[in-house]
Amino acid sequence: MKCYHELQCENLSTIQNETLDYLNTRYDLSDHSSLKTDLWLKLDSKDVIRSVPSMLNWLRTLKLLPREVSATIVNTMEGAALHIDELPIIAKINIPIVNYADVVNEWYSVPEDIVDDYKDTNHFGSTYYNFHYLDINKCTLLDSIVPTTPIVFNSQIPHRVLPLASATFPRVMLSVMFHNEPLDYLND
């Protein structure tokens, strides 16, 4: 499977404006303590879908039914360390909202002989991998992109978010999960 697939979105600027209107009335995007997160911001999915109708209209053209909508907020040069998202989600769509032009998404291959050293179980009993302390030089870069359009994102390949020196914060991406995952886009 591919790491990502770029999508065309004619109404991206409308989605971005509606999303920022929604987020800015509820959160201070520049303040980790008010967000109560350093990356993943859980949102009221139904409220987002109602407040960002242009997103729903666009997703309908792709024949996708959203199940959950969240945001990833990066506020520091640390970005997000190498990790694999928890199952059952494999394919989601990430939509760039603001300050995304100088932040890179990277996917890596982690050597098989060390991957289990970074395996853990969350409080729900689900397995996850946190490669935060893994020396990235032991890994092989598979692909990277500065997402300037929505992408179908393969969350089961180890990935990280890397701000470049010129990055501006907060970097906000909307992350949409589906009842009918868009896996076909990730097929080679």
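What's counted below: heavy atoms across the whole structure, side chains too, no hydrogens, waters or symmetry copies.
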Under a 4.5 Å cut-off applied to non-hydrogen side-chain atoms, are Thr72 and Val161 in contact? no

From Thr149 OG1 over to His5 NE2, what is the distance, rounded to the nearest 0.5 angstrom? 9.0 Å

Is any side-chain heavy atom of Leu186 closer than 4.5 Å to one of Phe153? no

Test item: Leu43 and Leu23 side chains (from C-beta on) under 4.5 Å apart, heavy atoms: yes

Rounded to the nearest 0.5 angstrom, the NZ-CD1 distance for Lys2 and Ile151 is 11.0 Å

Please answer: with hydrophobic residues joined when any side-chain heavy atoms are less than 4.5 Å apart, are Ile90 and Ile157 in the same cluster? no

Val104 with Met173, same ILVMFWY side-chain cluster at under 4.5 Å: no

Would you call Pro170 and Asn99 a side-chain contact if the rule is heavy atoms closer than 4.5 Å? yes

Scan residues 158-172 for pairs that pass side-chain hydrogen bond (donor to acceptor under 3.5 Å, both in side chains), counting only residues two or more places apart or in two chains. His83-His159, Asp85-His159, Asp102-Ser166, Asn105-Arg171, Glu106-Arg160, Tyr108-Arg160

Going by the side-chain contact (heavy atoms from CB on, under 4.5 Å) test, name the single residue among Val110, Asp120, Val115 that passes it with Tyr129. Val115

Ile114 vs Leu134 side-chain heavy atoms within contact, under 4.5 Å: yes

Cluster link Leu12 to Ile49, ILVMFWY, side chain under 4.5 Å: yes

Can you find a heavy atom in the side chain of Ser13 that is under 4.5 Å from one in the side chain of Ile15? no

Applying a strict under-4.5 Å side-chain criterion to I, L, V, M, F, W and Y, I'd like to know whether Ile84 and Tyr4 cluster together. no

Checking Ile73 against Asn75 for the side chain to side chain contact (heavy atoms under 4.5 Å, CB included) test, could you report, in this order, the C-alpha distance in whole Å, the side-chain angles of both residues, the deciding distance, and whether it holds? CA-CA 6 Å; Ile73 314 288; Asn75 276 320; 3.6 Å; yes

So if you build clusters from Ile, Leu, Val, Met, Phe, Trp, Tyr with side-chain heavy-atom gaps below 4.5 Å, do Tyr100 and Tyr22 land together? no

Between Ser51 and Arg26, is any pair of side-chain heavy atoms under 4.5 Å apart? yes

With Phe178 as reference, evaluate Ile89, Leu64, Leu65, Leu183 under the side-chain contact (heavy atoms from CB on, under 4.5 Å) test and give the passing residue. Leu64

About how many Å separate CZ of Arg50 and CG of Asp44, when rounded to the nearest 0.5 Å? 6.5 Å

Would you say Glu78 has more than 12 foreign heavy atoms packed within less than 6.0 Å of its CD? no

Would you mind reporting whether Asp184 and Val152 have side-chain heavy atoms less than 4.5 Å apart? no

Which side-chain N or O atoms in residues 55-62 pair as donor and acceptor under 3.5 Å with protein atoms at least two apart or in another chain?
from  : atom 1 : to    : atom 2 : distance (Å)
Asn57 : ND2    : Pro53 : O      : 3.3
Trp58 : NE1    : Gln8  : O      : 3.1
Thr61 : OG1    : Trp58 : O      : 2.5

